[in-house]
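Written out below as structure tokens is the structure these notes cover.
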Amino acid sequence: MRTTVNRRGFIKSLSRTALVLPFADILALAAPLQQQQTPIKIGPQERSYDARPAPPPAGGPKSPIEGTPLGVSFVDVAAQAGLNVETIYGGKLTNKYLLETTGCGLAFYDYDNDGWQDLFLVNGWQLDGFPAAKEPRCHLFKNNRDGTFTDVTMGSGLEHKTGWGQACCVGDYDNDGNDDLFVTYYGQNVLYRNNGKGTFTDVTEKAGLLQPGPKIRWNTGCTFVDYDRDGHLDLFVANYVDFDLKTAPKPEDGPCTYKGMLVACGPPGLPGGRNILYHNNGNGTFSDVSEKAGMWTAVGTYGLSVAASDLDNDGWPDIYVANDSAPATLYQNQKNGTFRDIAIEAGAALSAEAKPQAGMGVSIGDFNRDGTMDVVKTNFAGDTDSLYTNLGDATFEDHTYPGGLGENTRLLGWGVGFFDMDNDGWPDILMSNGHVYPEVDKSKADLKYAEHKYLYRNLQNGRFEDVTEQGGPGILENAPARGCAFGDYDNDDDIDVVVNCINSVPQLLRCDSALKRNWIKIKLVGTRSNRSGIGSRVIVTTKTNPNATKPLQQTDELRSGGSYFSQNDMRIHFGLDQATKVDTVEIRWLSGQIDHLKDLEINQLYVIQEGGKILQSGPLKPAKVKG
């Protein structure tokens, strides 16, 4: 702990020089802190991570629940659910360019407001193109309420756009009561206005979101975020690489290699893209305020996934970006329309050894239930994933090894989520994995393109236990995964996971639970705040849990986007263990309004309007699942 604290203080002091020193010089200054560590090899020729930090000391406190049966199992039911469309993305056996590697996200998205989570799957492209009328398109699947879905894309207004799709995020940008859909692309993004009748209208041009040429932007992760708290959702879009297929390097040009194989070049050695912030003008249009808002002053680049959250507890949303092969970015909201990247000084940019990592996905949640938002980030194979504990004063501790996430370094992570899989009131973690290079399947390296998931159970003492082997066939099944989203698609009170795979059909991991634990779901309706309630913080307290030694208090926020290029169920779910009632629910809206509700029934969905009015409440009617 002493070493970690000193490291954080040293890096924080270095951050004061970040505006005048190149980042490479900062790392050079930090080198004395990294004794006996093998340098990370990052470059266009080799993308691997050889540092092997020592594991945490053995022993330490263990939770009373450690070693007991898991009580839940995840089963892939995509086939019987009717999710039979492939996501097409790049070459199946080999890739020539970096563009072919990133894959797509997806969304749990109740687009028709019927109380059931529908699915939206982003789709991609291939270098050789496709015959007319054979192009891959994004897909919208309507939930049939019986465990199956129907593809309703044709006629929805979502069927026209094709290309290298990347991410999606959801939010009611025009405050009309219908959550809208934003999809990012290599090329031109698309904003779909939800008409509220099961159809969408492409309003990209009308909303002022056309991107000027001649440069083609590689847009990646996105989030709707009301950064100025004016009641209108703004839009942040990460950018990966300034990439032109006409001039992009080929594997043999480097040569670019991985484990002795020729592979797609980058991102190291390629020019990083600039992140974009659009301000909502309140009249259905947006203005690009990226430069004046400070988006272009971040130390890191190669942005992939994005999550917005009030990470410094000042009531204003901040923005965290997982960057590939570079320090992560934490845009701290300055409350005046501008942001400042504090990731390095805050201790949330680098590994525990003060080294940049190849970040892919990001999720935010209060895993230790101290009322502050922590960060988990997936990284490249050969490196650990990252777990940052929020200290509550805009600083973080790297908790990867103390938290139990340092034992797995073999697989390559993408989508990730804090989620309470067993309704015990403590957020667990799932990571979707899949290698970036299909070439590994035919190499001598002991690696596979399709990989299984990681599942970690929260031990309630600051540590996680790897329970992958006990997680069920859906966790252990190998898949070339990219984005994943979390939500209760069958309304049976537990959280399911949907995964978008590359050149394959998706996975729908239904959570089957043998546990009899309670829960509550909260759906928000803003009035002065944005209609979706995005950015609002909800605190749930129960005192009647016979298994708890003190009141069970949980904190979460409603977010747009996250994981890897994906959107979660916008109903906030809290597991309650054996609590028999909810003593208090506190909602802190972005407008400044604070609502308190008392003595709520368990096992209910509450639709709560800003001001504390309960618009709807009642138990969910679970789907009569086929199969």
Side-chain angles (χ1 to χ4, degrees), residues 74-88 103-124 136-159 161 165 167-170 178-181 183 192 194-200 415 417 419 432 472-474 477 479 481-512 521 563 565-571 573 605 620-627:
F74 291 88
V75 181
D76 184 4
V77 297
Q80 51 264 52
L83 303 179
N84 54 6
V85 296
E86 284 193 1
T87 293
I88 305 300
C104 306
L106 72 172
F108 271 125
Y109 174 29
D110 182 10
Y111 75 96
D112 52 3
N113 287 323
D114 67 351
W116 294 80
Q117 295 301 299
D118 310 298
L119 287 176
F120 177 76
L121 296 166
V122 182
N123 215 329
R137 291 175 170 81
C138 299
H139 290 272
L140 179 66
F141 283 90
K142 179 174 174 56
N143 193 323
N144 297 326
R145 310 184 189 188
D146 61 359
T148 69
F149 294 82
T150 297
D151 191 336
V152 294
T153 311
M154 302 309 293
S156 69
L158 301 175
E159 67 270 28
K161 174 69 173 176
C168 60
C169 52
V170 170
N178 300 304
D179 286 321
D180 308 297
L181 176 67
V183 186
Y192 293 106
N194 188 338
N195 300 322
K197 300 177 181 179
T199 64
F200 295 80
F419 78 122
S432 63
E477 179 184 355
R482 293 299 186 263
C484 71
F486 299 79
D488 186 3
Y489 86 95
D490 51 3
N491 281 348
D492 68 347
D493 316 336
D494 50 35
I495 303 301
D496 312 297
V497 185
V498 61
V499 184
N500 206 348
C501 300
I502 196 166
N503 290 317
S504 182
V505 296
Q507 293 179 301
L508 179 60
L509 307 184
R510 187 184 68 205
C511 180
D512 294 335
K521 293 182 189 287
S563 181
F565 292 2
S566 298
Q567 174 69 57
N568 297 330
D569 187 341
M570 295 183 71
R571 302 171 299 182
H573 179 98
L605 165 68
L620 298 176
K621 295 181 180 180
K624 296 181 180 180
V625 178
K626 295 180 178 180

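Values below: all heavy atoms of this structure, side chains included; hydrogens, waters and symmetry mates excluded.
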Stepwise salt bridge (charged side-chain N to carboxylate O under 4.0 Å, His left out) test for Asp114 and Arg145: CA-CA 10 Å; Asp114 67 351; Arg145 310 184 189 188; 3.3 Å; yes

Within the distance-only criterion (no hydrogens, no angle test), does the side chain of Asp146 pair as donor or acceptor with the backbone N or O of Thr148 below 3.5 angstrom? yes

Check: Phe486 ring centroid to Phe419 ring centroid under 6.0 Å: yes

Candidate pair Val152 and Asp118, rule side chain to side chain contact (heavy atoms under 4.5 Å, CB included), full reasoning: CA-CA 10 Å; Val152 294; Asp118 310 298; over 6 Å; no

For Ser156 and Leu140 the tightest heavy-atom approach is CB-CD2, 4.4 Å

dist Leu605:CG -> Asp488:CG (nearest 0.5 Å) comes out at 10.0 Å

Test item: Asn500 side-chain N/O and Gly105 main-chain N/O as donor-acceptor pair under 3.5 Å: yes

Looking at every heavy atom in both Leu620 and Lys521, which two are closest together, and how far apart are they? CD1-CE, 3.5 Å

Under 3.5 Å: donor-acceptor pair, side chain of Tyr192, backbone of Val183: no

Rounded to the nearest 0.5 angstrom, the CE-CZ distance for Met570 and Phe108 is 14.5 Å

Non-hydrogen atoms of Leu121 and Pro506 that approach each other most closely: CD1-CG, 4.1 Å

Measure the spacing between CZ of Phe120 and NE2 of His139 and express it to the nearest 0.5 Å. 9.5 Å

Step by step, work out the side chain to side chain contact (heavy atoms under 4.5 Å, CB included) result for Leu158 and Leu181. CA-CA 10 Å; Leu158 301 175; Leu181 176 67; 4.2 Å; yes

So, the side chain of Asn568 versus the backbone of Ala485: is there a donor-acceptor pair under 3.5 Å, distance only? no

Note: Ala81 and Leu508 closest approach over all heavy atoms is CB-CD2, 3.8 Å

Nearest atoms (heavy-atom pairs only) where Gly147 meets Ala623: N-CB, 3.8 Å

With no hydrogens and no angle check, is any side-chain donor or acceptor of Asp569 less than 3.5 Å from a backbone partner on Arg571? yes

Can you tell me how far apart CG (Asp493) and NE2 (His573) are? Round to the nearest 0.5 Å. 7.5 Å

Mark yes or no for whether Asn194, through its side chain, and Asp179, through its backbone, hold a donor-acceptor pair below 3.5 Å. yes

Could you tell me which non-hydrogen atom of Gly124 sits nearest to which non-hydrogen atom of Pro136, and how far apart they are? O-CG, 3.3 Å

In this structure, CD of Gln117 is separated from CG of Asp496 (nearest 0.5 Å) by 10.0 Å

Asn178/Asn113 under side chain to side chain contact (heavy atoms under 4.5 Å, CB included): CA gap, chis, key distance, verdict: CA-CA 8 Å; Asn178 300 304; Asn113 287 323; 3.3 Å; yes

So does Lys142 get a backbone contact from the side chain of Thr150, meaning a donor-acceptor N/O pair under 3.5 Å? no

Here the gap from Leu119 atom CG to Asp151 atom CG, rounded to the nearest 0.5 Å, amounts to 10.5 Å

Can you name the ring-ring contact (aromatic ring centres under 6.0 Å, His included) partners of Phe149, sequence neighbours left out? Tyr489

With side chain to side chain contact (heavy atoms under 4.5 Å, CB included) as the criterion, how do Cys138 and Lys161 come out once you've worked through the C-alpha distance, each side chain's angles and the decisive distance to 0.1 Å? CA-CA 8 Å; Cys138 299; Lys161 174 69 173 176; over 6 Å; no

Is the side chain of Ser432 donor-acceptor paired with the backbone N or O of Gly415 at a distance under 3.5 Å, no angle test? yes

Examine distances only and state if a side-chain atom of Asn123 and a backbone atom of Ile88 form a donor-acceptor pair shorter than 3.5 Å. yes

